[in-house]
Number of protein chains: 2
Amino acid sequence: MSTDLPQAHAASVPDVFDPTCSSRHALELIAGKWQMLIISALEEGPMRNAALMRRLGDVSQKMLTQTLKELERNGLVMREDKKTVPPHVEYSLSPVGRSLSETLLVLDRWAETHFGTLDAARERYDAERAK
Amino acid sequence: MSTDLPQAHAASVPDVFDPTCSSRHALELIAGKWQMLIISALEEGPMRNAALMRRLGDVSQKMLTQTLKELERNGLVMREDKKTVPPHVEYSLSPVGRSLSETLLVLDRWAETHFGTLDAARERYDAERAK
DNA sequence: CGGCATCCCCGATGATACTG
DNA sequence: CAGTATCATCGGGGATGCCG
């Protein structure tokens with residue numbers, strides 16, 4: 001489905017390195033501090049606001065709401081308000097969101113696997129500049 | 001999946017959801033606006049400062065230098081100063097950096113594949129709130 | 001050419017308190 | 001419980017000029 005949007009006219013091939021390409025925007029959408037974690041968390045199943053806060057550990061209510069709203073806006077996250085009293089809102093991944101979460105889980109595992117190497121490199125780097 | 005107990009004494013298992021775990025730090029290192037693009041670009045081979053600027057399209061000299069320095073500090077990027085006149089500095093991926101770039105390329109491809117879906121969802125979302 | 005220093009703006013992030 | 005409002009802060013990021 002080739003949308004004839006007013007992109008660059010030679011943008012027949014999507015390229016994240018093209019600043020005018022929407023794919024760049026898509027990448028920046030998940031490039032924040034909480035986006036990847038939220039999506040990874042929701043991969044475990046639908047979650048409520050409080051559950052997400054607990055899962056992420058140190059996210060503020062404001063940032064959680066704000067990021068969720070932006071993810072919902074771009075169709076990655078679905079929000080279901082059960083309209084009960086007290087409120088009950090459930091967040092879950094959309095199909096597109098799920099297609100993304102698979103890759104992000106790989107990223108998570110990369111971080112959990114290699115963080116030691118990074119820590120060591122950082123210490124070495126800092127030590128060399130301290131003297 | 002131990003979702004029933006907190007990871008108090010189970011700190012032996014790296015978890016990006018644990019704010020005190022270094023893996024979280026590793027994830028945040030690449031969560032910026034330029035990190036993923038820079039690493040993806042360097043996956044194509046060693047590059048000089050000017051070449052990177054051209055490849056990324058709209059990064060400022062300041063942010064490029066700053067991000068490269070942080071990536072080098074954490075051992076993802078290697079910097080080779082040929083110490084010639086005029087200067088010639090080449091950046092390349094370290095082995096760990098290369099292990100990361102593989103996943104990031106998948107992410108790039110995801111963005112290039114699904115950005116249309118995101119654009120459509122965003123338009124729909126905004127239209128619904130405009131009226 | 002690569003990159004550091006400086007000034008400056010603004011958005012991202014966050015702590016706190018309040019509301020339906 | 002979920003979300004908003006407010007205020008304060010921090011750092012991203014651009015512009016410019018200087019240096020080895």
Side-chain angles (χ1 to χ4, degrees), chain A residues 17 19-20 24-39 41-42 45-74 77-92 122 125-126 128-129, chain B residues 19-20 24-25 27-39 41-42 45-74 77-92 125 128-129:
Chain A
F17 289 110
T20 69
R24 179 73 157 263
H25 181 277
L27 212 56
E28 294 186 356
L29 174 67
I30 60 175
K33 188 176 181 178
W34 304 110
Q35 281 83 338
M36 298 198 287
L37 280 174
I38 290 179
I39 294 175
L42 287 179
M47 267 190 217
R48 301 179 58 172
N49 179 40
L52 275 169
M53 291 204 70
R54 258 179 279 114
R55 190 77 181 104
L56 300 197
D58 64 342
V59 67
S60 67
Q61 172 67 63
K62 179 190 170 186
M63 286 316 297
L64 180 57
T65 301
Q66 185 177 305
T67 308
L68 280 170
K69 196 179 290 181
E70 192 61 20
L71 292 177
E72 184 200 359
R73 184 164 96 105
N74 285 270
V77 163
M78 295 183 300
R79 178 182 187 270
E80 185 193 0
D81 189 339
K82 294 196 181 338
K83 297 182 193 304
T84 60
V85 179
H88 185 129
V89 178
E90 278 216 344
Y91 294 98
S92 58
R122 190 162 2 102
Y125 184 97
D126 291 345
E128 211 144 303
R129 306 209 138 202
Chain B
T20 68
R24 179 74 157 262
H25 181 276
L27 212 55
E28 294 187 355
L29 174 67
I30 61 174
K33 188 176 181 179
W34 303 111
Q35 282 84 337
M36 298 197 287
L37 280 174
I38 290 179
I39 295 175
L42 287 179
M47 266 189 220
R48 302 181 57 174
N49 179 45
L52 275 169
M53 292 205 71
R54 257 178 279 117
R55 190 75 180 107
L56 300 197
D58 63 342
V59 66
S60 67
Q61 172 66 63
K62 178 188 168 185
M63 286 316 297
L64 180 57
T65 302
Q66 185 176 305
T67 308
L68 279 170
K69 194 182 292 181
E70 192 61 18
L71 292 177
E72 185 201 359
R73 185 165 95 104
N74 286 268
V77 163
M78 293 184 299
R79 189 190 121 108
E80 185 193 0
D81 188 341
K82 293 196 181 340
K83 297 184 194 300
T84 59
V85 180
H88 184 127
V89 178
E90 280 218 343
Y91 294 97
S92 59
Y125 183 96
E128 211 144 303
R129 307 209 136 200

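Naming convention: chains lettered A, B, ... in sequence-line order (proteins, then strands); numbering from 1 in each chain. Quick note: numbers below take in every heavy atom, side chains included, and nothing from hydrogens, waters or symmetry partners.
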> Which of the following nucleotides, D:dG14, C:dT13, C:dC1, is nearest to the side chain of B:P87?
Replying inline: C:dC1
>> I need the CZ-P distance between A:R129 and C:dC4, as an integer number of Å.
In response: 8 Å
>> By nearest atom, which of the nucleotides C:dC4, C:dT13, D:dG3 is closest to the B:K69 side chain?
In response: C:dC4
>> What I want to check is whether an N or O donor and acceptor connect the side chain of A:K33 with the base of C:dT13 at under 3.5 Å.
In response: no
> Of the nucleotides C:dT13, D:dG13, C:dG2, which has the atom closest to the B:R79 side chain?
Replying inline: C:dG2
>> If you apply the rule side-chain contact (heavy atoms from CB on, under 4.5 Å), what do you find for B:L68 with B:L52, and how did you get there?
In response: CA-CA 10 Å; B:L68 279 170; B:L52 275 169; 3.9 Å; yes
> Does a side-chain N or O from B:S60 land closer than 4.0 Å to OP1 or OP2 of D:dG14, or not?
Replying inline: yes
>> Within a 6.0 Å radius of atom NZ on B:K83, are there more than 12 heavy atoms belonging to other residues, nucleotides or ligands?
In response: no
>> Can you see if the side chain of B:Q66 gets near the phosphate of D:dG12 - specifically, an N or O under 4.0 Å from OP1 or OP2?
In response: yes
>> In whole Å, I'd like the distance from the NE2 atom of B:H88 to the P atom of C:dC1.
In response: 12 Å
> Whole-Å distance between D:dG11 C1' and B:E70 CD?
Replying inline: 13 Å
> Whole Å only: how far is the CG atom of A:D81 from the P atom of D:dG3?
Replying inline: 7 Å
>> Need to verify one output field. Residue with the more 5' nearest nucleotide on DNA chain C, A:Q61 or A:P86?
In response: A:Q61
> Just how far, in rounded Å, is P of C:dG11 from CH2 of A:W34?
Replying inline: 22 Å
> Quick one: which of C:dG2, D:dG14, C:dG14 gets closest to the side chain of B:R48?
Replying inline: C:dG2
>> Nearest 0.5 Å, please: how far is OG1 in B:T67 from NZ in B:K33?
In response: 10.5 Å
> Quick one: do B:E72 and B:K69 make a salt bridge, cutoff under 4.0 Å?
Replying inline: no
> D:dA2, C:dG2, D:dG13: which one has an atom nearest the side-chain heavy atoms of B:N49?
Replying inline: C:dG2
>> Let me spell it out: for each of B:V59 and A:A51, pick the nucleotide of DNA chain D with the closest heavy atom. Which residue's pick is nearer the 5' end?
In response: A:A51
> Atom NZ of B:K83 to atom P of C:dG2: distance rounded to whole Å?
Replying inline: 15 Å
>> Output the rounded distance in Å from CD (B:E80) to P (C:dG3).
In response: 13 Å
> Can you check the A:K62 NZ to D:dG3 P distance for me, whole Å?
Replying inline: 16 Å
> A:R48: what forms a side chain to side chain donor-acceptor pair (under 3.5 Å) with it, not counting sequence neighbours?
Replying inline: A:H88
>> So, does A:Y91 get its side chain near the phosphate of D:dG3, meaning an N or O under 4.0 Å from OP1 or OP2?
In response: yes
